[in-house]
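Okay, so here's the structure we're looking at.
Both ligands and their constituent atoms are indexed starting at 1 by order of listing. Note that the numbering runs from 1 along the sequence shown for the chain. Values below: all heavy atoms of this structure, side chains included; hydrogens, waters and symmetry mates excluded. Note that this is a predicted model, so its numbers are computed, not measured.
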Amino acid sequence: MEHIVIIGNGIAGVTAARHIRKISDKKITIISAETDHFFSRTALMYVYMGHMRWRDIEPYESWFWGKNRLELKKGYVEKVDTDNQTLHFKEGGSITYDKLILATGSVTSYYDWEGQDLKGVQGLVSKQDLEDLEKYAPNNKECPRAVIIGGGLIGVEMAEMLRTRNIEVTMLVREDAFWTGVLPKPEAEMISRHIISHGVDLRHNSELDKILADEKGHVRAIVTKTGEEIPCGVVGITTGVKPQISFLKNSKIETDKGILVNRLLETNIKNVYAIGDCAQQREAIGNRPPVEAVWYTGRMMGEALAQTICDKTFEYNPGNWFNSAKFFDIEYQTYGWVFSESRKKEYEAQFHWKCKSDLRCITISYKKESGEFLGINTFGIRMKHEVFDRWLNEKRSVDYVIQNLKQANFDPEFFKNYEKEIQAAYFNQSVTV
Ligand SMILES: Cc1cc2nc3c(=O)[nH]c(=O)nc-3n(C[C@H](O)[C@H](O)[C@H](O)COP(=O)(O)OP(=O)(O)OC[C@H]3O[C@@H](n4cnc5c(N)ncnc54)[C@H](O)[C@@H]3O)c2cc1C
């Protein structure tokens, strides 16, 4: 019987396993060094905040794996020998495969800062990170202040987590507003104000120089590039994540930032595939980043690959870009492409509307010449994915989108209150180009 071995029990690997099992009887083994069972990485924050227990973020009961004949192996694969189709474990022992799926996810990016290996310096990606945060930042007596390096989605989550335990948080952001590499400036500035309103000492144009130790090898302070020393018990490194591929160093599998794959998610080696955060498309798909470190694309890649593995060749075809997140109280959704200042295309115009409360805003992006709708960012307003997906596919005009925004909204009260204001702002052409 063909043996499919999957390294990684995250959303990508587990989705592939489930879908292979649905359509075949193949022997399936899932390997992970991190946890016995799959958990929802996006929900890590809720465990620290006390909203959920660990078992609440495990989507499947422990009997699920045996019942579906999914064998689980805990161990770290340190060597992949593709000539002999064999994986070697750090703990000793090996396993052979007929087909191998690499679904190894991401690790925190560190930038060789002095002191980055001290106790209390950590990212927020793994279960181990969650345990470390619980250990080094259990309360504001043990850890009166934490410093978070970098904005972005994980940085703001970490700030929210620490604030729930009344730990003071200083956040160093290199740019002049939060996440300006991704968000248009008016949105970035609104989110900066919102983060500050939650008691976070958010410093713009500020960078880490080095991290200082106490006599026990624990962090005691950081020093900024301008020489300011900020005492702290924890340093959160949230300057981004990168594919977890270091164990492939001596293998024949071709890598760049991630494991290089084609649209069938095949690597350069026969019978070896890569999916999820660790995969990098050889050729970018539209405007999508070649490495997509988001939950739903991991799931889509897992679903697509399961078909190919079972001899029903199926391309990964993610469709229109979308994503969502939360910045303290403000929900963020994005559909299609709305670029930040630095990445804005020369054909792109943007219309921006912000509510007086400073808690809600919309940016709509469209083609200057034709008026074709390209994408929307919404903050503090929950929108319907399927409506924007359809409008993007139908290449609707920006005028159409503004006139019909109500159709895309979950909250009729919102449009009762703001529809006229948004339409008036748009038709008076207060447009940023
Ligand atoms: C705090 C946080 C919040 C997030 N929030 C969102 C969100 O709101 N929306 C969103 O879309 N995305 C979010 N993401 C991103 C999303 O969680 C990831 O894109 C997704 O979990 C990646 O899934 P994956 O299956 O590719 O890999 P992972 O879930 O990372 O699983 C990979 C597994 O492989 C194991 N592994 C790696 N190498 C080896 C080896 N050599 N041997 C054995 N095991 C190995 C790892 O230990 C890990 O357990 C968030 C991520 C984090 C960290």
Side-chain angles (χ1 to χ4, degrees), residues 5-18 29-49 57 59 72-80 87-91 93-95 100-109 122-130 133 148 152-161 236-238 240-251 253 258-259 261 265 273-280 289 291-303 305 318 321-327 331-334:
V5 174
I6 303 172
I7 312 180
N9 67 350
I11 182 67
V14 165
T15 303
R18 282 178 43 239
T29 304
I30 309 176
I31 300 168
S32 174
E34 187 181 11
T35 51
D36 290 335
H37 295 136
F38 168 50
F39 69 94
S40 172
R41 201 169 294 286
T42 56
L44 276 177
M45 68 184 295
Y46 301 112
V47 177
Y48 180 87
M49 299 200 308
I57 69 167
L72 304 179
K73 159 102 183 128
K74 183 108 184 271
Y76 181 78
V77 175
E78 67 175 1
K79 189 170 164 232
V80 178
L87 310 178
H88 297 273
F89 292 100
K90 188 174 170 197
E91 301 80 0
S94 61
I95 190 170
L100 173 65
I101 301 177
L102 302 165
T104 52
S106 300
V107 286
T108 300
S109 293
Q122 64 162 98
L124 177 68
V125 171
S126 63
K127 185 178 189 221
Q128 178 75 51
D129 291 334
L130 180 71
L133 198 64
I148 294 174
L153 300 178
I154 297 181
V156 78
E157 281 192 4
M158 208 168 180
E160 183 174 354
M161 291 159 77
I237 304 292
T238 61
V241 295
K242 61 179 185 188
Q244 182 157 11
I245 55 171
S246 54
F247 68 105
L248 296 175
K249 241 186 341 251
N250 299 317
S251 79
I253 299 167
I259 304 163
V261 293
L265 306 162
Y273 308 83
I275 53 176
D277 281 20
C278 68
Q280 176 181 347
V291 176
E292 298 181 292
V294 283
W295 182 264
Y296 78 92
T297 54
R299 195 177 52 216
M300 286 169 106
M301 288 188 220
E303 282 169 8
L305 181 60
W321 172 256
F322 68 92
N323 204 0
S324 63
K326 208 165 135 277
F327 306 111
E331 278 188 49
Y332 156 65
Q333 290 177 303
T334 184

Determine the minimum heavy-atom distance between [X] and [Y], stating which atoms define it.
X	Y	result
P243	V107	O-CG2, 4.3 Å
W321	Y296	CE3-OH, 3.6 Å
G10	F38	C-CE1, 3.6 Å
L133	M161	CD2-CE, 3.7 Å
G13	I275	N-CD1, 4.1 Å
V80	S251	O-CB, 3.5 Å

Within ligand 1, which atoms have a heavy atom of [X] less than 4.0 Å away?
X	value
Q244	37 (C), 38 (N), 46 (C)
V294	11 (O), 12 (N), 19 (O)
G276	26 (O)
G10	25 (O), 29 (O), 31 (O)
I154	52 (C), 53 (C)
G75	42 (N), 43 (C)
V125	53 (C)
Y76	40 (C), 41 (N), 42 (N), 43 (C)

Among all the protein's non-hydrogen atoms, which is closest to [atom], and how far away is it?
atom	answer
atom 10 (C) of ligand 1	W295 N, 3.6 Å
atom 44 (N) of ligand 1	A33 N, 3.1 Å
atom 26 (O) of ligand 1	D277 N, 2.9 Å
atom 47 (O) of ligand 1	E34 CB, 3.4 Å
atom 23 (O) of ligand 1	I11 CG2, 3.4 Å
atom 6 (C) of ligand 1	T42 CG2, 3.3 Å
atom 34 (O) of ligand 1	G8 CA, 3.2 Å
atom 42 (N) of ligand 1	V77 N, 2.9 Å

Has [X] got any heavy atom lying under 4.0 angstrom from an atom of ligand 1?
X	answer
G298	no
C278	no
S32	yes

Is the backbone N or O of F247 less than 3.5 Å from a side-chain atom of E78, with the two atoms forming a donor-acceptor pair by type?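 No: the side chain of E78 does not pair with the backbone of F247.
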Does a side-chain heavy-atom distance below 4.5 Å link [X] with [Y]?
X	Y	result
L124	Y48	no
L72	D36	no
T42	I11	no

Is K90 atom NZ crowded by more than 12 heavy atoms from other residues, nucleotides or ligands, each under 6.0 Å away?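 Atom NZ in K90 is not packed in, count stays at 12 or less.
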Can you confirm whether more than 12 heavy atoms, excluding those of K249, are under 6.0 Å from its NZ atom?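 No - once you tally the heavy atoms of other residues, nucleotides and ligands closer than 6.0 Å, there are 12 at most.
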[X] and ligand 1 - part of the residue with a heavy-atom distance under 4.0 Å:
X	value
M45	neither
N323	side chain
I7	side chain
A12	both

Find the distance between [atom1] ([X]) and [atom2] ([Y]) and round it off to the nearest 0.5 Å.
X	Y	atom1	atom2	result
Q280	I259	CD	CD1	10.0 Å
I31	L100	CD1	CG	8.0 Å
F327	E157	CZ	CD	9.5 Å

Before signing off on this row, confirm whether F247 and ligand 1 have an N or O atom pair separated by under 3.5 Å.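 So ligand 1 has no N or O lying under 3.5 Å from an N or O of F247.
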Where the closest heavy atom to atom 30 (O) of ligand 1 is concerned, which of E157, R41, R299 has it?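 Nearest heavy atom to atom 30 (O) of ligand 1 lies in R41.
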